[in-house]
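Note sheet for the following structure.
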Amino acid sequence: MKKQRILVIGAGGQLGSELTQGLWNLYGKENVMATDVKDAEGVLATGNFEILDVLQQDQLFNLVRKNQITQVYHLAAILSATGEKNPKFAWHLNMDGLINVLDAAVEYKIEKVYWPSSIAAFGPTTPKIKTPQHTVMDPTTIYGISKQAGERWCEWYFKNHGVDVRSLRYPGLIGYKTKPGGGTTDYAVDIFFKALSDKKFECFLKPDTYLPMMYMDDAVKATLDLMEAPAEKIKIRSSYNVAGMSFCPAEIAAEIKKHIPEFEITYHPDFRQAIADSWPKSINDSEARIDWGWEPQFDLTRMTKEILENLPQLLQTI
Ligand code: AKB
């Protein structure tokens with residue numbers, strides 16, 4: 001089998017840093033080149049790392065050529081809440097970054113490309129419960145519009161240039177090792193940090209706002225399972241629905257209270273409430289289960305226990 005040389009773009013982010021470590025385990029640290037616009041921090045700095053701005057096509061093409069890259073994981077993006085504050089830049093980064101990567105795949109015959117879509121590609125008239133794979137998509141945020149357009153670009157490069165591009169529509173991702181930035185679902189990460197430090201948390205969403213969510217270990221597993229599946233099993237070249245769990249702020253607060261009885265949550269909804277209200281509450285991921293065997297491992301109870309058992313130790317080392 002040909003040796004794989006992996007490029008991760010946006011490796012310093014919430015998903016990127018954990019996915020890079022998953023790729024180290026699979027392909028060996030020496031075969032993974034992690035990149036970001038900012039310097040490497042923490043564990044990332046122990047592997048191959050270079051600064052890369054995906055918008056600089058020359059930089060990207062040179063790096064791919066010099067390192068004989070065979071697979072790209074392109075994760076650099078502006079998320080939903082931050083995107084609304086700087087819509088033109090969000091569009092520029094999210095779209096032109098993706099097109100630069102797809103062009104590099106054509107130019108250098110990259111074997112496989114991974115690009116994440118999101119539940120944000122759905123909109124207010126999408127069926128909200130068990131949202132199907134193929135349905136109405138009318139995203140209202142610039143982030144969501146860029147994800148929907150990105151899905152179409154991926155499918156187009158697959159059909160017209162044969163690029164083996166694969167994608168997942170992630171729910172809100174919850175991890176504790178790296179803090180997320182700029183998402184609407186990020187309250188479900190911050191709540192753990194505040195529960196430990198202050199024993200209280202002010203939530204920017206209403207108590208009964210259900211959203212699809214996924215624990216980081218499941219997100220890494222889903223991504224690697226999708227990328228490792230034989231090409232003929234990948235029937236969807238836009239992006240696959242994947243589900244982990246679905247909960248609202250009141251439910252995650254109640255789960256945390258089981259471990260930290262004095263924990264209290266208060267609610268002060270802001271502009272992110274409208275974003276959350278435009279998204280599905282739960283996802284039907286039967287295509288992913290049938291086509292390449294997707295199955296999540298974590299529910300709310302297991303995830304909460306795992307985070308509250310491990311986060312205090314990690315906070316001591318920072
Ligand atoms: C966000 O909240 O913007 C992201 C997402 C759902 O894609 N976490």
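Each ligand, and each atom within it, is numbered from 1 in the order the structure gives. Every value quoted in this text rests on a predicted model; they were computed, and no experiment measured them.
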Could you give me the CA-CA distance, side-chain angles and deciding distance for E151 and R169, then say whether salt bridge (Lys or Arg N to Asp or Glu O under 4.0 Å) is met?
CA-CA 9 Å; E151 290 190 11; R169 289 175 182 150; 2.8 Å; yes

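Ion pairing of E255 with K305 is absent here, as no side-chain N (NZ or NE/NH1/NH2) approaches a carboxylate O to less than 4.0 Å. A salt bridge does not link D190 with K194: every distance from a Lys NZ or Arg NE/NH1/NH2 to an Asp or Glu carboxylate oxygen is 4.0 Å or more.
For the ring-ring contact (aromatic ring centres under 6.0 Å, His included) with Y240, the qualifying choice from W292, W294, Y170 is W292, the only one to do so.
Pairs of residues two or more places apart, or lying in two chains, that qualify as side-chain hydrogen bond (donor to acceptor under 3.5 Å, both in side chains) and include a residue from residues 202-219 are T209-Q273, Y210-E251, Y215-E306.
By the 30° and 60° cut-offs, the orientation of the rings of F61 relative to Y108 is perpendicular.
Each of L79, S80, S118, I119, Y143, G183, T184, T185, W279 has a non-hydrogen atom positioned under 4.0 Å from some atom of ligand 1.
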